Asks: 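The following block contains the structure, expressed as structure tokens.
Every chain is numbered from 1, with letters handed out A, B, ... down the list of sequences. Predicted model only: the values in this text are computed from it and were never measured.
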Amino acid sequence: MRWNSFFSPTLRDAPSDAEAVSHKLLVRGGFIRQLHSGHYILLPLAHRVRKKIISIIETEMDAIGGQQVQMPTLQTASMWQKSGRLESMGDIMFRLQDRHGTEAALGVTAEEIFAIAATEITSYKQLPQMWYQIHTKYRDEARPKSGLLRVREFTMKDAYSFDLDEDGLDASFKHQHEAYTKIFERMDLKAIPVEASSGNMGGSDSIEFMVQAEAGEDYTVICNGCGYGANIEKAVSQLDPIADLEAPEKPAKFSTPNIRTIAALAEAGHAAENQIKTMVYVIDGQLTLALVRGDHLLNEQKLADATGGVTIRQANSEETVRLLGAEPGSLGGVGVTELPILADLALRGRSNMTTGANENNFHLSGVDIERDIDIKEWLDLRSVQNGDRCSECGDLLKIVTTIESGHIFKLGTKYAKTFGANILDENGKSRTVLMGSYGIGVERAIATIVETHHDEKGIIWPITVAPFQVVITIVQTKDEESVRIGEEIYESLSEEGIEVLLDDRDARPGVKFADAELIGIPYRITVGPKGIANGVIEFVPRATGETALIPIPEVTSYISEIVRT
RNA sequence: CGGGACGUGGCGCAGCUCGGUAGCGCACCUGCUUUGGGAGCAGGGGGUCGAGAGUUCAAAUCUCUCCGUCCCGACCA
């Protein structure tokens, strides 16, 4: 490709509303333009990168027996109704009507369709199957952000496996896991597989592939000691035991004027770790108390997972007052019998604690949690905090921000059963197939690579996904000798199958160098009178910036060698 | 959905307080000079000032409504 006719509108300044590094660089480099919030135009540079990533994914999916298909993205609401996700997806789903008034939706994900397609499988002899598509997904995100990292319309590779039994599902899951490892390696993303919640997808054995990056939106707990890793929505840790003084025979009410926070109560002499924090939630319409230790944070996803709740929100103060008789800040579980009370495991066995008295400006001390509160269930509800110890090895845990780059999980019969994906086994008995679901966001991968591969000058693409592998910068387009040699190298490298961008633009060298560095092409060849006088060109890897002088006749073999390895 | 900010040529911004008919830098076009790290000079093109309504002799500027965009939080396979 000749830069003279290649469209790559680079900018000196990033748009003022771009925050994430990848967002700024992709816009400045002329890869993308925003159409409106959450929808981006992919210009030629981005499209080339996207194709590279898709090709890597396809190769690895095919290598584990994946068969590519293409599903409709416009789907009837009734299909989603059947799986129950028309409701549970909530506002994330774009909904519309056709001319007959039939309710429809745009594809958010495709478990339903694949389960329907799987009804075509009739015999155990046809199993296992692994199907995938690389297709557009639509999600009406509450807040699209950070350029390509969170958008409303994007390309996803979504794969679905179909197996006869658990062993088969385990094998399919393992194949995907291994394929993901290869895919991320090939894109040079250091993706850490971590335990995760499967959210409203339903299922078990949920593993997310997380890439550490400042712009990441997920919190991941990592142990340097043993390699334990888990999404904060799932992570566990061990706590130092607390030796409580014996509680008095019964709780004592005491006056706490204007004390409404854990911190204020702690200042008044009741250490946060000796307090019970009482939170009121509405879980699928049911008001519920959730208790955690005063210095702990409740994780709503854990609450949702533990209760199987689909819609969860904190109760408003009106509901709270109506049911408990007090406002947040003075709430507690003592004496509450009409609401289910869920308590975090860290509270188990604790006594002599302090909690709200369900009367504004009063608290109770000397509370023995098991004796005084009618706990319905003990659950893991708390978020791991920085400095907690690993429950595997005891080492310190740390919390890092990460980008969720891939997610694989086992669905079991959840969708297969609903849509009747049954087969006959070797005994002629009808069985429901077991499904797994495996996703990677393509444009998010583009952004994630940029987040982790850049410097102050711009992007540094890994060669495997770079829009071009080599750029030839002709320093002086008016110098005929330079142009001739540049063209020659361009021709011979292109014949070698190398993707070359020939910078034949009539621009000043500084502009050309800056552009080449901004868009991040891994290798640059500089052709100019200075080098030609000595029979050489300059070769500069983008990553190191270290210039090597290569004799002109050796250029093609030298570069092909490097690009291929 | 709660909180905050912003909307003026493609990008970055000024002008708004105190109404008088739109300007700067970059980018773009033409010419000349220049050319190894974002050139110089000269000339030029491009903006219903987010939209609508109102106040006024007069609105980018004041008022109201709406729309859009970003940030924080909530939420998020």
Asks: Taking atom types as modelled, find out whether A/Glu111 and A/Thr109 have a side-chain donor-acceptor pair closer than 3.5 angstrom.
Replies: yes
Asks: Counting the atoms with a prime plus P, OP1 and OP2 as sugar-phosphate, which does A/Arg505 contact under 4.0 Å by heavy atoms, base, sugar-phosphate, or nothing?
Replies: nothing
Asks: Would you indicate which nucleotide in B/C76, B/C11, B/U35 comes nearest to any side-chain atom of A/Asp506?
Replies: B/U35
Asks: Ring of A/Trp80, cation from A/Arg85 - is the NZ or CZ under 6.0 Å from the centre and inside 45° of the axis?
Replies: no
Asks: Tell me if the aromatic rings of A/His407 and A/Phe409 count as close, with their centers under 6.0 Å from one another.
Replies: yes
Asks: Which is more 5' along RNA chain B, the nucleotide nearest A/Gly441 or the one nearest A/Pro144? Just name the residue.
Replies: A/Pro144
Asks: What's the gap between B/G19 and B/U33 when it is taken at their C1' atoms, as a whole Å value?
Replies: 46 Å
Asks: Which nucleotide in the list B/A27, B/C11, B/A74 gets nearest to the side chain of A/Glu300?
Replies: B/A74
Asks: Assess whether one donor atom and one acceptor atom, taken from the side chain of A/Arg28 and the base of B/C11, lie less than 3.5 Å apart.
Replies: no
Asks: Picking from B/A39, B/G37, B/A74, which would you name as closest to the side chain of A/Ala142?
Replies: B/A74
Asks: Under 3.5 Å for both donor-acceptor distances, Watson-Crick or wobble: does B/C57 have a partner, and if so which one?
Replies: B/G20
Asks: Considering every strand shown, what is the Watson-Crick or G-U wobble mate of B/C26 when both distances are under 3.5 Å?
Replies: B/G10
Asks: Decide yes or no, distance alone: a donor-acceptor N/O pair under 3.5 angstrom between the base of B/G38 and the side-chain of A/Glu517.
Replies: no
Asks: Given that both distances must come in under 3.5 Å, which nucleotide forms a Watson-Crick or G-U wobble pair with B/U48?
Replies: none
Asks: Measure CD1/A/Ile32 against P/B/G10 and give the value in whole Å, please.
Replies: 18 Å
Asks: Could you give the distance separating B/A51 and B/G9 at their P atoms, to the nearest angstrom?
Replies: 10 Å
Asks: Can you tell me how far C1' in B/C49 sits from the matching atom in B/U21, rounded to whole Å?
Replies: 12 Å
Asks: Between A/Ile41 (CD1) and B/C11 (P), how many Å, whole number?
Replies: 11 Å
Asks: I'd like the C1' distance from B/C1 over to B/G47, given in whole Å.
Replies: 36 Å
Asks: Rounded to whole Å, please give me the gap between CZ in A/Phe513 and P in B/A39.
Replies: 12 Å
Asks: Taking the six-membered ring of A/Phe154 as reference, does the cationic atom of A/Lys137 (NZ for Lys, CZ for Arg) lie under 6.0 Å from its centre and within 45° of its axis?
Replies: no
Asks: Starting from P on B/G38, measure out to CG on A/Leu518 and report it in whole angstrom.
Replies: 16 Å
Asks: In whole Å, I'd like the distance from the CZ atom of A/Arg508 to the C1' atom of B/G36.
Replies: 10 Å
Asks: For A/Ala14, answer base if it contacts any base atom (sugar-phosphate contacts may also be present), sugar-phosphate if it contacts only those atoms, and nothing otherwise; contact means non-hydrogen atoms under 4.0 Å.
Replies: sugar-phosphate
Asks: How many Å lie between CZ on A/Phe94 and P on B/C76, as a whole number?
Replies: 17 Å
Asks: B/U34 pairs with which nucleotide, Watson-Crick or G-U wobble, both distances below 3.5 Å?
Replies: none
Asks: From the options B/G36, B/C70, B/C26, select the nucleotide whose nearest atom is closest to the side chain of A/Thr526.
Replies: B/G36
Asks: Using 30° and 60° as the class boundaries, would you call the ring planes of A/Tyr180 and A/Phe209 parallel, tilted or perpendicular?
Replies: tilted
Asks: When you compare B/A59 with B/G20, how far apart are their C1' atoms, in angstrom units rounded to a whole number?
Replies: 10 Å
Asks: Apply salt bridge (Lys or Arg N to Asp or Glu O under 4.0 Å) to residues A/Arg150 and A/Glu141 and explain how you reach the verdict.
Replies: CA-CA 8 Å; A/Arg150 180 165 294 278; A/Glu141 293 286 351; 2.9 Å; yes
Asks: Distance to the ring centre below 6.0 angstrom and angle to the axis at most 45 degrees; does that hold for A/Arg33 and A/Tyr40?
Replies: no
Asks: Heavy atoms only, 4.0 Å cut-off, all strands: where does A/Lys512 land among base, sugar-phosphate and nothing?
Replies: nothing
Asks: Nearest whole angstrom, please: distance from the P of B/G36 to the CD1 of A/Ile532.
Replies: 14 Å
Asks: Would A/Asp506 and A/Lys478 satisfy salt bridge (Lys or Arg N to Asp or Glu O under 4.0 Å), going step by step from the backbone distance to the final call?
Replies: CA-CA 8 Å; A/Asp506 179 23; A/Lys478 292 228 162 59; 3.8 Å; yes
Asks: Taking pairing as Watson-Crick or G-U wobble with both contacts under 3.5 Å, can you name the mate of B/C70, or confirm there isn't one?
Replies: B/G4
Asks: How close or far is atom P of B/C76 from atom CG of A/Leu303, stated in whole angstroms?
Replies: 12 Å
Asks: Please report the distance separating the P of B/G37 from the corresponding atom of B/G7, rounded so that it comes out in whole Å.
Replies: 39 Å
Asks: Tell which nucleotide pairs with B/C76, taking only Watson-Crick or G-U wobble pairs whose two distances are both under 3.5 angstrom.
Replies: none
Asks: Which part of the nucleic acid, if any, lies within contact of A/Phe154, taking any heavy atom under 4.0 Å across all strands shown: a base, the sugar-phosphate backbone alone, or nothing?
Replies: base
Asks: Name the nucleic acid region contacted by A/Gln34, choosing base, sugar-phosphate or nothing; use a 4.0 angstrom heavy-atom cut-off, strictly under.
Replies: sugar-phosphate
Asks: I'd like the C1' distance from B/A14 over to B/U61, given in whole Å.
Replies: 13 Å
Asks: Under 4.0 Å between a side-chain N or O of A/Ser16 and OP1 or OP2 of B/C6?
Replies: no
Asks: Taking only the C1' atom of each, what is the distance from B/A58 to B/C71 in whole angstrom?
Replies: 38 Å
Asks: Is there a side-chain contact between A/Gln476 and the phosphate of B/U34, meaning an N or O under 4.0 Å from OP1 or OP2?
Replies: no
Asks: Are OP1 or OP2 of B/C70 and a side-chain N or O of A/Ser37 less than 4.0 angstrom apart?
Replies: yes
Asks: Return yes if the base of B/G2 and the side-chain atoms of A/Arg143 contain a donor-acceptor N/O pair under 3.5 Å, otherwise no.
Replies: no
